[in-house]
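This report concerns only the one structure given below.
Counting starts at 1 for both ligands and their atoms, following the listed order. Throughout, numbering of the chain's residues begins at 1 and tracks the sequence.
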Amino acid sequence: MNNLVVAFVSFFLATGAVAINFEFDIDAGLALPVENPYEEIAQEYEMNQIEFGSSLNKKPTVKVSNVNSHGLHEFTPISDTIVQSDTKYYSFSVNTTSGLGEFYELLIFITGNICTQPSNVGANQTSLAVYYSFNSSIFTNIEYSTMVLFENGYVQSLADVAVNSNNNESVLYIVVRAPENVNKTATWTYQIGVSQNDLVFQWDDQTWAQFIDSDDDSALVVTGNLTNVQGLNITELNATRSQFSLYVYSNDYRHYFDTLNSSWCAVRNGPALMNPATIESSYTSRQGSLHQQFHLTGLNKSTKYIAYLISDFHGSDFGGAVYRPFEFETLDTEACELIYNLEFCNQIAYSVPATPGGSKEEVRSLYDNQARNLFTNFSKAIQQISCDTEDTAQFSPIKTCSDCISSYKDWLCAITIPRCSTRNITGYTERKPGESRNSFINDIVMPNLSYYEVMPCVNICEAIVRDCPAQFGFMCPTTNETIRQSYYWDNGGQWPTCNYVGKLTVVTNAAFRASMVNWFMLVLSVALTVLV
Ligand SMILES: *[C@@H]1O[C@H](CO)[C@@H](O)[C@H](O)[C@H]1NC(C)=O
Ligand SMILES: *[C@@H]1O[C@H](CO)[C@@H](O)[C@H](O)[C@H]1NC(C)=O
Ligand SMILES: *[C@@H]1O[C@H](CO)[C@@H](O)[C@H](O)[C@H]1NC(C)=O
Ligand SMILES: *[C@@H]1O[C@H](CO)[C@@H](O)[C@H](O)[C@H]1NC(C)=O
Ligand SMILES: *[C@@H]1O[C@H](CO)[C@@H](O)[C@H](O)[C@H]1NC(C)=O
Ligand SMILES: *[C@@H]1O[C@H](CO)[C@@H](O)[C@H](O)[C@H]1NC(C)=O
Ligand SMILES: *[C@@H]1O[C@H](CO)[C@@H](O)[C@H](O)[C@H]1NC(C)=O
Ligand SMILES: *[C@@H]1O[C@H](CO)[C@@H](O)[C@H](O)[C@H]1NC(C)=O
Ligand SMILES: *[C@@H]1O[C@H](CO)[C@@H](O)[C@H](O)[C@H]1NC(C)=O
Ligand SMILES: *[C@@H]1O[C@H](CO)[C@@H](O)[C@H](O)[C@H]1NC(C)=O
Ligand SMILES: *[C@@H]1O[C@H](CO)[C@@H](O)[C@H](O)[C@H]1NC(C)=O
Ligand SMILES: *[C@@H]1O[C@H](CO)[C@@H](O)[C@H](O)[C@H]1NC(C)=O
């Protein structure tokens with residue numbers, strides 16, 4: 001029992017990490033002959049196998065003559081279409097020497113996705129039904145079987161089979177049945193995946209991506225924490241091979257997936273405005289751990305979009321997970337330019353007052369160089385302070401020079417590189433051309449449109465007072481009136497009320513709760529119920 005649980009934990013942790021390495025079993029031996037009279041299915045079966053095999057460059061050699069229904073293989077979903085009132089048959093040969101379970105009992109995970117369904121099927125109408133049994137008589141009479149219905153485009157069930165010496169060739173028989181429809185040619189497309197190790201399809205009702213910021217034509221989105229950054233060279237990681245990808249839909253399609261919102265397959269195959277082929281993706285360690293970031297370009301101004309993060313378990317043919325979608329909106333004018341991946345101010349990823357006609361790269365280096373130059377004097381000053389001597393000689397027993405340097409840098413970057421918005425939100429300060437925060441912005445950046453400045457969060461200032469030696473004489477405004485002149489507070493809400501720069505020590509955003517854990521809990525509790 002304990003062994004099983006441990007095995008499960010490590011499996012799920014492995015799938016949560018960046019490098020996913022599934023071992024696939026496309027062994028033709030799995031497809032045991034199934035006795036049933038449906039000859040034509042055998043032909044389709046052959047076609048399906050070749051299609052699936054080629055995507056992994058491993059062509060299974062299937063002896064079609066013996067097979068009379070669609071043979072399902074470990075973690076290899078099958079794609080199929082079905083018309084109303086029709087029935088489809090599948091079988092899965094249980095491998096009695098692998099998978100999860102104890103020596104006398106094996107677990108089999110059955111999951112499915114609806115990719116498309118007839119447009120006249122509403123949220124409350126009965127969807128496709130999946131029947132399963134280990135008794136082949138299900139193919140002639142589905143009464144003696146377990147039934148599960150697709151909901152929101154998703155179906156999941158767990159079958160357990162007793163393994164005994166007399167019957168060591170267990171076959172799971174699966175039947176998919178479509179409901180009646182007034183349109184006699186109404187058609188569904190779906191995928192069914194069976195595995196002895198995991199759910200082939202998954203969904204999560206939490207978002208696992210976070211919208212960072214946008215300007216009038218671009219936006220930046222990051223995933224949750226993928227792993228620790230220690231020992232990783234971010235520039236060497238190639239995000240094109242990542243399992244995570246983003247699909248962006250027009251806001252007109254916000255109800256498109258209302259009845260299929262838990263289907264990875266539906267989101268992947270829908271009428272997306274932008275998909276992984278048109279979205280630039282890379283990794284970042286900005287938030288102190290590894291995140292994948294998506295840079296969306298060519299957006300329209302003042303426009304709302306719906307974005308879905310999905311996870312492909314192994315390319316496009318071996319299942320995946322869909323997360324809760326989220327919405328974002330572009331800014332109204334060209335006053336702001338979204339910049340990120342700065343060399344010096346590496347914590348910065350937000351929109352800043354734009355230089356008219358300046359490219360993203362020009363705007364980025366203009367601000368970054370200014371901050372780097374201003375930092376030079378400070379780094380000379382901190383060398384005068386006894387930092388790296390014995391503990392007693394240090395300015396504080398708990399704070400080190402590097403804490404002070406990093407807090408100062410965050411503060412300097414926040415005040416040198418103001419955050420820009422075109423929304424009038426409480427706490428934002430309106431800046432007309434020539435009335436920006438300082439002469440560098442007025443005279444060098446020279447914004448020619450009005451914008452709102454998102455004031456730095458007052459805790460950025462409080463951090464340098466806390467982390468730096470008193471000799472520097474850093475002070476922050478203390479009354480609400482004086483704070484309001486240069487800073488603001490984080491009041492929560494849809495839009496940030498102040499600009500926070502630096503690594504967040506406490507992550508409060510629900511978007512970043514580790515969602516993998518949820519899947520694990522779900523599956524584990526199912527597994528326990530069966531086994532106890
Ligand atoms: C069953 O699984 C084991 C371990 O993964 C594998 O070595 C074996 O070939 C499988 N048996 C069949 C019949 O596929
Ligand atoms: C579905 O049924 C529930 C309760 O049975 C009802 O509240 C809801 O409005 C229905 N939705 C649709 C789209 O018909
Ligand atoms: C399979 O189901 C049929 C009909 O319900 C039953 O008569 C038969 O005994 C079952 N076979 C097994 C091996 O359980
Ligand atoms: C499985 O069945 C075959 C024949 O059906 C038999 O020879 C073999 O010993 C069985 N294996 C086990 C582990 O029971
Ligand atoms: C009936 O279904 C077919 C196939 O899905 C579709 O092409 C056709 O437009 C539908 N007809 C009506 C009247 O909805
Ligand atoms: C990121 O994830 C890794 C591994 O899952 C964990 O050790 C680390 O503490 C996380 N970092 C943050 C900032 O949550
Ligand atoms: C990271 O990889 C790049 C390219 O391979 C290399 O130029 C750079 O020196 C590496 N950085 C570190 C810290 O190893
Ligand atoms: C990343 O991987 C893709 C395909 O795997 C390849 O085409 C591309 O050249 C790689 N990019 C880099 C920078 O290595
Ligand atoms: C931008 O708007 C145009 C015209 O309304 C539309 O055709 C286009 O698809 C939109 N593009 C995006 C990315 O929203
Ligand atoms: C899909 O919608 C249902 C009901 O509206 C909700 O319970 C479920 O969490 C949603 N799924 C996702 C992946 O957001
Ligand atoms: C911004 O909003 C504030 C309060 O709602 C209002 O007093 C101010 O006039 C607005 N500024 C502009 C430029 O609309
Ligand atoms: C200062 O402002 C904060 C945040 O808006 C508020 O919670 C606090 O009550 C204010 N204090 C005074 C003395 O007005």
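Considering backbone and side-chain atoms alike, T227 places every N or O at 3.5 Å or more from each N or O of ligand 6.
Residue-ligand proximity: T185 is placed with a non-hydrogen atom under 4.0 Å from ligand 5.
In this structure, atom 7 (O) of ligand 8 is not in close contact with the protein, since no protein heavy atom lies within 4.0 Å of it. Distance screen at 4.0 Å: atom 14 (O) of ligand 8 has a protein heavy-atom neighbour inside the cut-off.
For atom 10 (C) of ligand 5, the choice among T81, T187, T116, N183 with the nearest heavy atom turns out to be N183.
At the shortest separation from atom 3 (C) of ligand 8 among protein heavy atoms lies T240 OG1, 3.2 Å. Protein heavy atom at the shortest distance from atom 1 (C) of ligand 8 is N238 ND2, 1.4 Å. The protein heavy atom nearest to atom 5 (O) of ligand 8 is R241 NH1, 3.4 Å.
The minimum heavy-atom distance between D258 and N152, with the atom names listed, is O-OD1, 4.0 Å. When every heavy atom of I339 is checked against every heavy atom of K360, the shortest pair comes out as CG2-O, 4.1 Å. Of all the heavy atoms in Y367 and P418, the pair that sits closest is CE2-CD, 4.1 Å.
The parts of N228 lying near ligand 6 are both backbone and side chain, judged by heavy-atom distances below 4.0 Å.
A 4.5 Å side-chain heavy-atom check between P271 and Y256 finds at least one atom pair inside the cut-off. Under the 4.5 Å side-chain criterion, counting only non-hydrogen atoms from C-beta, L342 is in contact with I417.
The ring of H314 has its center no closer than 6.0 angstrom to the ring center of F75.
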